[in-house]
Amino acid sequence: MKCSEAARRIHDYVSGELEGDDRERLEKHLETCEDCRSCVEENMALRSRVRDLMRVSAPASLRAEVVRLSQAQV
Ligand SMILES: [Zn+2]
């Protein structure tokens, strides 16, 4: 798997939506690729930050901003 291919799947992987062969191939790539691994870590950190922000009832404008940022990441 190439990095460009892996990058497209990282979002699904982090949200637990990547399954089967795709998941296995991505995990294999992550074992050998430090760049993509750190990308996964960043995504996971972002996700937990978003969860924290959602817990404290954020104003709608901030929530929209968070959604925008998390989509820009992909
Ligand atoms: Zn890679």
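First listed ligand is number 1; within each ligand, the first listed atom is number 1.
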Show me the side-chain donor-acceptor pairs of residues 28-35 shorter than 3.5 Å, one per line, residues at least two apart or across chains.
from, atom 1, to, atom 2, distance (Å)
H29, ND1, M1, O, 3.0
T32, OG1, H29, O, 2.9

Quick one: side chains of residues 18-25, donor-acceptor pairs under 3.5 Å with protein atoms, not counting sequence neighbours, listed by atom name and distance.
from, atom 1, to, atom 2, distance (Å)
R23, NE, E27, OE2, 3.4
R23, NH1, L18, O, 3.3
R25, NH2, E5, OE2, 3.1

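For the pair D52 and R55, the salt-bridge criterion is met [side-chain N within less than 4.0 Å of a carboxylate O].
Scanning for side-chain contact (heavy atoms from CB on, under 4.5 Å) contacts around E41 gives an empty result, with sequence neighbours left out.
Only protein N, O or S atoms were considered, and those under 2.8 Å from the Zn ion (ligand 1) are C3 SG, H29 NE2, C33 SG, C36 SG.
With rounding to the nearest 0.5 Å, the separation of CZ in R9 from SG in C36 is 11.5 Å.
M44 and L26 fall within a single hydrophobic cluster, where Ile, Leu, Val, Met, Phe, Trp and Tyr side chains are chained together by heavy-atom contacts under 4.5 Å.
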